[in-house]
Protein chains: 2
Amino acid sequence: MAMQKKQQNFRQHLVRSGLKATRQRELIARAFFATNTHISAEALYRRVSGRDRRIGLVTVYRTLKLLKEAGLAHERQFGEGRALFEHASSERHHDHMICTHCGKIVEFENCEIEALQEEVARKLGFTIQYHKLELYGRCKECRADASGGTGRIRVVGAR
Amino acid sequence: MAMQKKQQNFRQHLVRSGLKATRQRELIARAFFATNTHISAEALYRRVSGRDRRIGLVTVYRTLKLLKEAGLAHERQFGEGRALFEHASSERHHDHMICTHCGKIVEFENCEIEALQEEVARKLGFTIQYHKLELYGRCKECRADASGGTGRIRVVGAR
DNA sequence: CTTAGTGCAAAAGATTTGCACTTGT
DNA sequence: ACAAGTGCAAATCTTTTGCACTAAG
């Protein structure tokens, strides 16, 4: 989905909900859609702050909440610390592989795993509503330099 | 592993690390090992508090950290809010299925899923260090009463 | 105009830390 | 004795909220 389209979807959601399309919301949404990684509220704030010094972190949090309600953003909690937000396009569900050394996040999907999850749930008498699968480890590059590492997550990018 | 044995393991870990076996640590560890569900620091604190009013929540947190270091406890973060701690026996790794309505937590293990995870990681050029798989949904009982529910997690037990 | 939005400061909630006092060894 | 532990209060850190002011429809 193109950025323009997403921006439009967001505006529609606002109108439908009787909310207003403000300068701040436009700017924050635009900055969010321009991202192609996972980004924290703080990091997104820094980006829009560069464009318009008057925007507050609080508004970023509030706008991200709206984006979630509009179905345009997903909030993820990897390890501890701040949440990261990613685009929630119409794409299928996916899971994440996170490098514990450099913080790189790779998305993947695997139907076989999903099927097995359903099977497990059925055996336990549960109906799955949603799930969370996160693989933590070392990416090729970080395995190569083998500089030890602490095992703690250090996100280099957006965090 | 019997409770007595775990208690002993903990004492050994303390000695090995040049730490002291205090009244508080003994009591907190005993209360933790007596648990057979997932318990929060707060809930564990309430339990030991009943036995000895003088013990502080801070000491519970510090002792849980020691138990983790001793390899006797695992810290889990389900949904948001406080962390839950579980026994880290010599048992194999397991994952969790959590009822979003009553908070029930069921453990399971599935080698096929684990194998597929390894395969995915290999294809992505990663080496897995650890993973987190959580299935959220409704248990049989909570599906039966079908009282709507908010989708938010409400843990009835220890939380 | 009238209702919603914004930004600041303050609150919240879970966990950690500084510090003076207490306790194992 | 002496290093380590404890409990309290205060600090952290991320996210949310109350409120007086501002702006969109």
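Chain naming here is simple, since letters A, B, ... match the order of the sequence lines and numbering starts at 1 in each. Computed over heavy atoms, backbone and side chain alike; hydrogens, waters and symmetry mates excluded.
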For A/R30, give me all partners under salt bridge (charged side-chain N to carboxylate O under 4.0 Å, His left out), at least two apart in sequence or on another chain.
A/E26

In terms of hydrophobic clusters joined by side-chain contacts under 4.5 Å, are B/L116 and A/I128 together?
yes

Distance below 4.0 Å between A/Y61 side-chain N/O and D/dT15 OP1 or OP2
yes

By side chain to side chain donor-acceptor pair (under 3.5 Å), which residues pair with A/E75, not counting sequence neighbours?
A/K68

Between C/dG24 and B/R25, is there an OP1 or OP2 to side-chain N/O distance shorter than 4.0 Å?
no

Quickly work out the B/R53 CZ to D/dC8 C1' distance and round it to whole Å.
16 Å

A/N110: side chain to side chain contact (heavy atoms under 4.5 Å, CB included) partners, not counting sequence neighbours
A/E112, A/I113, B/V120

Numerically ordered, the residues 11-21 of chain B set in heavy-atom contact under 4.0 Å with DNA chain C is B/K20, B/A21

On DNA chain D, does the nearest nucleotide to B/L66 precede the nearest nucleotide to A/R54 from the 5' side, or the other way round? Give the residue.
B/L66

With sequence neighbours left out, what residues match A/E119 under side chain to side chain donor-acceptor pair (under 3.5 Å)?
A/K123

Contacts of A/Y61 meeting side chain to side chain contact (heavy atoms under 4.5 Å, CB included) (sequence neighbours excluded), chain-then-number -> A/A41, A/L57

Need the bend value for the helix from C/dC1-D/dG25 to C/dT25-D/dA1: angle between end axes, 5 pairs each end, nearest 10°.
20°

Quick one: is B/T22 getting a side-chain N or O under 4.0 Å of the D/dT6 phosphate, OP1 or OP2?
yes

Given atom CG of A/L44 and atom P of D/dT15, what is their separation to the nearest angstrom?
12 Å

Between the OG atom in A/S49 and the CG atom in A/L44, the distance rounded to the nearest 0.5 Å is 10.5 Å

Quick one: B/L27 CG to D/dG5 P, roughly how many Å, whole number?
17 Å

According to ring-ring contact (aromatic ring centres under 6.0 Å, His included), who are the partners of A/F32, at least two apart in sequence or on a separate chain?
A/H87

Could you list the residues that satisfy side chain to side chain contact (heavy atoms under 4.5 Å, CB included) with B/S17, not counting sequence neighbours?
B/H13, B/L19

Is the shortest side-chain N/O distance from B/Q24 to OP1 or OP2 of D/dG7 below 4.0 Å?
yes

Check side chain to side chain contact (heavy atoms under 4.5 Å, CB included) between B/E86 and all other residues, then give those that pass, not counting sequence neighbours.
B/H38, B/H74, B/R76, B/H94, B/H96, B/E107

Take B/F85 and B/R23, find for each the nucleotide of DNA chain C with the closest heavy atom, and name the residue whose nucleotide sits nearer the 5' end.
B/F85

Whole-Å distance, B/E26 CD to D/dA4 P, equals 19 Å

Using atom OH of B/Y45 as one end and atom C1' of C/dA14 as the other, report the distance to the nearest whole Å.
15 Å

Rounded distance (Å) that lies between atom C1' of D/dT14 and atom CZ of A/F78
17 Å

Short N/O separations, protein against nucleotides 17-19 of chain D, under 3.5 angstrom:
none

Salt bridge (Lys or Arg N to Asp or Glu O under 4.0 Å) contacts touching residues 13-25 of chain A (sequence neighbours left out):
A/R23-A/D52

Atom-to-atom span, CD of B/E42 to C1' of C/dT15 - whole angstrom:
11 Å

Has A/Y45 got a side-chain atom pairing as donor or acceptor with A/V58's backbone, closer than 3.5 angstrom?
no

CG of A/D52 versus P of D/dA23: gap in Å, rounded?
12 Å

